[in-house]
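As structure tokens, the structure follows; a few thoughts come after it.
Proteins get letters first, then strands, A, B, ... in listed order; numbering begins at 1 in each.
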Number of protein chains: 2
Amino acid sequence: MRIGKLAERTGVSHRLLRYYEEQGLIIPSRAPNGYREYTESHVDIVLQIKGLLDAGLPTRIIRQLLPCLDRPETIYVPNVTPEMIATLQREQARLSERIEFLTRNRDAIADYLDTVLSVRSVNTGAPPSVSPAAPPGSSSNAGPGR
Amino acid sequence: MRIGKLAERTGVSHRLLRYYEEQGLIIPSRAPNGYREYTESHVDIVLQIKGLLDAGLPTRIIRQLLPCLDRPETIYVPNVTPEMIATLQREQARLSERIEFLTRNRDAIADYLDTVLSVRSVNTGAPPSVSPAAPPGSSSNAGPGR
DNA sequence: CTTGACCTTCACATCAATGTGAGCGTTTAA
DNA sequence: TTAAACGCTCACATTGATGTGAAGGTCAAG
């Protein structure tokens, strides 16, 4: 399929699809006339990219992650360097941290909503307290942060 | 404390602390000479902001979230509008989505690492080469629409 | 053949999060 | 009293993810 169709299927703009390509995240083939040609699997990949970007990961990392988020049989890359493994482990830890942090904050919001809604429905009495989320490991983030 | 101390305590640069202020995320008082004066609780708030930013939330949203993630005494339920509640509920859902997505991806990375490491420990010969990019048949995990 | 939809590249614009530095005032300590 | 260290504002620079538009090529339908 061509770029317009892929944009429609994924909800990602033409511009961004070209940007992803420029960043080395997708590599469409070209028709004789120069048009980009995408396959069905590109739909999944673009959705994946979109999700990771939305999750706050930079393209630089996504580029490294993508080959590892595929089906098990297709994934043994010949030249898997120790640095690559280290990067993945780091990123895995980073994701865990992020997940924890987001979870704590989501729960804090939930508590807040509970409090507000219950107080609202009763309209009097001392407002209960919710505990805030402590930020994770905090300073000196090794990787080049965003 | 003044801005230098806060920067040191939080690992956030002077410039960013002023930026957060400009964005309405922190509101220090001013000494007679114009210097910003921060309290102890600003340390926590800045750490909180840092974490949320790192988690991919924009300042615009953080601004709305912060009053709900604050210290117990401050949760005195101000004029909380229905729109505010709706925003929070939306953001809560968004956080949940993000958490799920990140979790799936983290687990996918974990699987990959497991595979690679176990293959590595058994592997005695050169692994067969594989097509460099975009192997067909990907359906591992489609991103959540948004 | 012309029109319109779709594609191409190139390039400038924008927004958020940061960095950096200039130019100037304040505090501190030798 | 002077220098170092710190603070202030203003403002331009940069990076990453996007938008937008110009100038033009391809192609199907009228």
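One can place CD of B:E21 at 16 Å from P of C:dA17, the figure rounded to the nearest angstrom. C:dT18 atom C1' lies 14 Å from atom CG of B:D54, rounded to whole Å. Taking atom CD of B:E37 as the reference point, atom P of D:dC8 lies 9 Å away to the nearest angstrom. Rounded to whole Å, atom P of D:dG19 lies 11 Å from atom NE2 of A:H14. In this structure, B:L16 places its CG atom 15 Å from P of D:dG7, rounding to the nearest Å. Atom P of nucleotide D:dA5 and atom OH of B:Y35 are separated by 14 Å, given to the nearest angstrom. Nucleotide D:dG16 holds its P atom 7 Å from the CZ atom of A:R60, rounded to whole Å. For the pair B:E22 CD and D:dA11 C1', the interatomic distance rounds to 11 Å; values are reported in whole Å.
Note on B:R18: a side-chain N or O is less than 4.0 Å away from OP1 or OP2 of D:dC8. The phosphate of C:dT9 has OP1 or OP2 within less than 4.0 Å of a side-chain N or O from A:R30. Here A:R36 reaches the OP1 or OP2 of C:dT8: one of its side-chain N or O atoms lies under 4.0 Å away. OP1 or OP2 of C:dT18 lies within a sub-4.0 Å distance of a side-chain N or O belonging to B:Y20. Listed pair A:T59 / D:dG16 fails the phosphate criterion, with no side-chain N or O lying under 4.0 Å from OP1 or OP2. Phosphate contact (OP1/OP2 of C:dT27, side-chain N/O of B:N33, threshold under 4.0 Å): present. For C:dT18, the OP1/OP2 oxygens have no side-chain nitrogen or oxygen of B:S13 closer than 4.0 Å.
No donor-acceptor pair closer than 3.5 Å links the side chain of A:R2 to the backbone N or O of A:R36. Side-chain N or O atoms of A:N105 include one that pairs as donor or acceptor with a backbone N or O of A:F101 at under 3.5 Å.
Distance from the side chain of B:R15 is smallest for D:dC12 among the nucleotides D:dG7, D:dC12, C:dA17. Considering only the side chain of B:L53, C:dT18 comes nearest among D:dA17, C:dA11, C:dT18.
A continuous path of Ile, Leu, Val, Met, Phe, Trp and Tyr side chains, each step under 4.5 Å between heavy atoms, connects A:L17 with A:V43, placing both in one hydrophobic cluster.
A donor-acceptor contact under 3.5 Å is not formed by the side chain of A:Y19 with the base of D:dG19.
Around the CZ atom of A:R30, the shell of radius 6.0 Å holds more than 12 heavy atoms that belong to other residues, nucleotides or ligands.
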For this session: Under the side chain to side chain contact (heavy atoms under 4.5 Å, CB included) rule, what do A:L57 and A:E91 come out as? Steps first, then yes or no, please.
Result: CA-CA 10 Å; A:L57 277 72; A:E91 209 51 39; 4.1 Å; yes

